[in-house]
Amino acid sequence: MARHLITSAIPYINGIKHLGNLVGSQLPADLYARYLRARGHEVMFLCATDEHGTPAELAAAKAGKPVDEFCAEMWGVQAKIADGFRLSFDHFGRSSSEQNKKLTQHFAAQLDKQGLIREVSETQMYSHADGRYLPDRYIEGTCPNCGFEDARGDQCDNCTKQLDPVELINPRSTISGSTDLEMRETKHLYLRQSEMKDQLDRWIDSKTDWPILTTSIAKKWLHDGDGLQDRGITRDLDWGVPVMKGDAPWPGMEGKVFYVWFDAPIEYIACAQEWVDAGKGTDWERWWRTDKGADDVRYTQFMGKDNVPFHTLSFPTTILGSGEPWKLVDYIKSFNYLNYDGGQFSTSRGRGVFMDQALEILPSDYWRWWLLSHAPESADSEFTWENFQVSVNKDLADVLGNFASRVTKFCRSKYSEAVPAGGAYGAREEQLMSDLAAKLAEYEAHMEAIEVRKSATALRAAWALGNEYLQEVAPWTTFKTDPDQAAAQIRLALNLIRLYAIISSPFIPDASAELLDAMKSDDDAWPTDIKAALAAMPEGHEFAVPEVTFRKITDAERTEWQERFAGTRD
RNA sequence: GGCGCGGUAGCUCAGUUGGUUAGAGCGAUCGACUCAUAAUCGAUAGGUCGGGAGUUCAAGUCUCCCCCACGCCA
């Protein structure tokens, strides 16, 4: 048994995420965590909300609430939705936690000690009305190049020339519209990632088994143009981790906070501390400190492609550069984007299905199955209602759900609601078991390699084996001449339901639990020995006929949802 | 403009280090079955593997050019 640390990219606090966000990190991470637990491994699965930065401040202001209150509220909302999707985090933390604040300040001090922090003096625009500095996109004005009046601080959308905010003519705040602005000299800390370039390069080179998407993005940032650039890790904001050198003040940095991208990944570690402080565990260091027991931990991160640079370069710089024995990631599984019906999901325009809405219209298993079996692994993939309806109806209702239905109902009508006695297994049953063992081995191999789509394909094929067997031995026909033989066939089929429930649980945990419950079995051990697993429910074992495990999505529903989610969020 | 992931049957996708007649699921057509959520099982038909050139005894699979879509960047 191995020990696995798994983290999902932490969703930003600002609003409810859409299905594309879900399938890009949290959902596949949950699949992997559930699978590993089912196989008996020790798993620590962590996620949190990413709460700092300007967007949170603005959203709070819009909601008319103090930012900390707003974040606490939104954390509750996200936690509830995550629970609705059965995301099995061992802890769902917050990047604004006290633990993360301390740890972020600690890392900054360590990096400074290692000579990896430098101070840079810059000129920025300060807004008196807003009482704050205005980062690039929070300032607009007339383009000095083409005269376009709505040029943004970082770039003119009209002539595409890149700009410095201080160059804008008649600059104004996009927050308040105020023109009472002033250029101010301000100091910031930069993380000297460029110093780590060669080390990071060798590290990435050694990861030959990582997804191409992961390594190609990392390589691009390492080698593009002048190579890896140093990155500013402080901001002139109120909402964030105050810039401190450990417990000590950082001269010249008063009133500043760390940039959200510096403290967010550190929350992966702080989250484990929160897990302990919440009374869920006793020792977080054995997961994160290689000098304190984390040597045998395998650490896997899940994320969408937009997060790859931070996880392959910035965060490793923090970890490696600290000079301390922190656990470094072993495998990064990255995902492309999920598109919605011919375009992108759009949070601002309310285009596509958001997590809360998805749960309103269908149980989480429907979404989990479709999203995972269509995960954007090799390229961007697309959600369409037609595809969703057809896939879910066919795979879940017809192939799996109906199998449980036809077997249990046949048994109830011809025998009783208990595993029937009589007959014996022959060559066809041996064949089924060996086919199943082979398919299961294939499924396990894909799961261990985190090949999500291929895992789903193998699982579905395992379900189909049951229908193929039934169709061939036709117990409804056998029953007329040899009830004992039919009993043996049904006995095997009933046991298949239990087995399917167990191996399907990483994908569809609720339905799996329902089926296992209907089979009145509390033995959910992974079937390492097919023959033994298919004998777990002996003759006479009682069961219940399950309710319709998966109902079908109707054409009317499909049409209705298609219209409902096409444009503006209600 | 630069860069990146892709462009394989109607749809969603597999195709290992180049090697016999290019695969799967869905959909379509036909057939079988009737236990079951009009479910299941089988069979068949569908592709000059984006286009062109090249390397090779042999290319979807390598090289070059071009086209298309999506994304990232300054």
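Order of the sequence lines fixes the chain letters, A, B, ..., with proteins taken first and strands second; residue numbering starts at 1 for each chain.
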Could you classify B/G18 for me, syn or anti, using a glycosidic angle within 90° of 0 as syn?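 Base orientation: anti.
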Strictly below 4.0 Å, heavy-atom distances to any atom of RNA chain B: list the hits from residues 432-462 of chain A, or just say none.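 Close to the strand are A/R453, A/K454, A/R460.
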Pairwise [atom1] distance for [N] and [M], with rounding to whole Å:
| N | M | atom1 | result |
| --- | --- | --- | --- |
| B/G7 | B/G52 | C1' | 16 Å |
| B/G18 | B/A59 | P | 13 Å |
| B/U63 | B/C11 | C1' | 33 Å |
| B/U40 | B/U21 | C1' | 31 Å |
| B/C49 | B/G42 | C1' | 28 Å |

Determine the minimum heavy-atom distance between A/H188 and A/T234, stating which atoms define it.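 For A/H188 versus A/T234, the nearest heavy atoms are ND1-OG1, 2.7 Å.
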Using the 3.5 Å cut-off, write out each protein N or O paired with an N or O of nucleotides 5-10 of chain B and the distance between them.
{"residue": "B/C5", "atom": "O2'", "partner": "A/S378", "partner atom": "O", "Å": "3.0"}

A/W367 pairs by ring pair (Phe, Tyr, Trp, His ring centres under 6.0 Å) with which of A/F85, A/F388, A/F354?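 Of all the options given, the one that passes is A/F388.
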Test item: side-chain donor near acceptor, A/Q26 and A/N21, under 3.5 Å: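 The criterion, which ignores hydrogens and geometry beyond distance, is not satisfied for A/N21 and A/Q26.
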With the criterion being N/O to N/O and under 3.5 Å, what pairs connect the protein with nucleotides 37-41 of chain B, and how long is each?
{"residue": "B/U37", "atom": "OP1", "partner": "A/K409", "partner atom": "NZ", "Å": "2.4"}
{"residue": "B/U37", "atom": "O2", "partner": "A/F550", "partner atom": "O", "Å": "3.3"}
{"residue": "B/U37", "atom": "N3", "partner": "A/F550", "partner atom": "O", "Å": "2.7"}
{"residue": "B/U37", "atom": "O4", "partner": "A/G401", "partner atom": "O", "Å": "3.4"}
{"residue": "B/U37", "atom": "O4", "partner": "A/T549", "partner atom": "N", "Å": "3.4"}
{"residue": "B/U37", "atom": "O4", "partner": "A/F550", "partner atom": "N", "Å": "3.3"}
{"residue": "B/A39", "atom": "OP1", "partner": "A/K552", "partner atom": "NZ", "Å": "2.9"}
{"residue": "B/A39", "atom": "O5'", "partner": "A/K552", "partner atom": "NZ", "Å": "2.8"}
{"residue": "B/A39", "atom": "O2'", "partner": "A/D398", "partner atom": "O", "Å": "3.3"}
{"residue": "B/A39", "atom": "O2'", "partner": "A/N402", "partner atom": "ND2", "Å": "2.3"}
{"residue": "B/U40", "atom": "OP1", "partner": "A/K394", "partner atom": "NZ", "Å": "2.8"}
{"residue": "B/U40", "atom": "OP2", "partner": "A/K394", "partner atom": "NZ", "Å": "3.3"}
{"residue": "B/U40", "atom": "O2'", "partner": "A/R406", "partner atom": "NH1", "Å": "3.1"}
{"residue": "B/U40", "atom": "O2'", "partner": "A/Q471", "partner atom": "OE1", "Å": "3.1"}
{"residue": "B/U40", "atom": "O2", "partner": "A/Q471", "partner atom": "OE1", "Å": "3.1"}
{"residue": "B/U40", "atom": "O2", "partner": "A/Q471", "partner atom": "NE2", "Å": "3.0"}

Read 5' to 3' with Watson-Crick or G-U pairs under 3.5 Å, [ ] for crossing pairs and | for partners on another strand, RNA chain B gives ((((.((..((((.....[...)))).(((((.......))))).....(((((..]....))))))).)))).
Closer to the 5' end of RNA chain B via nearest nucleotide, is it A/T477 or A/V390?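 Its nucleotide being nearer the 5' end, the pick is A/V390.
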Does the ring of A/F410 lie flat against the base of B/C35, closer than 5.5 Å centre to centre with planes under 30°?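 Here A/F410 fails the 5.5 Å or the 30° condition.
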What class does the angle between the rings of A/Y268 and A/H311 fall in, given that below 30° is parallel, 30 to 60° is tilted and above 60° is perpendicular?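 Correct class here is tilted.
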For A/E386, check salt bridge (Lys or Arg N to Asp or Glu O under 4.0 Å) against everything at least two apart and list the hits.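 Salt bridge (Lys or Arg N to Asp or Glu O under 4.0 Å) check on A/E386 returns nothing, list empty.
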Listed partners of A/K439 passing side chain to side chain donor-acceptor pair (under 3.5 Å), at least two apart: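 In terms of side chain to side chain donor-acceptor pair (under 3.5 Å), with neighbours along the sequence ignored, A/K439 is linked to A/E442.
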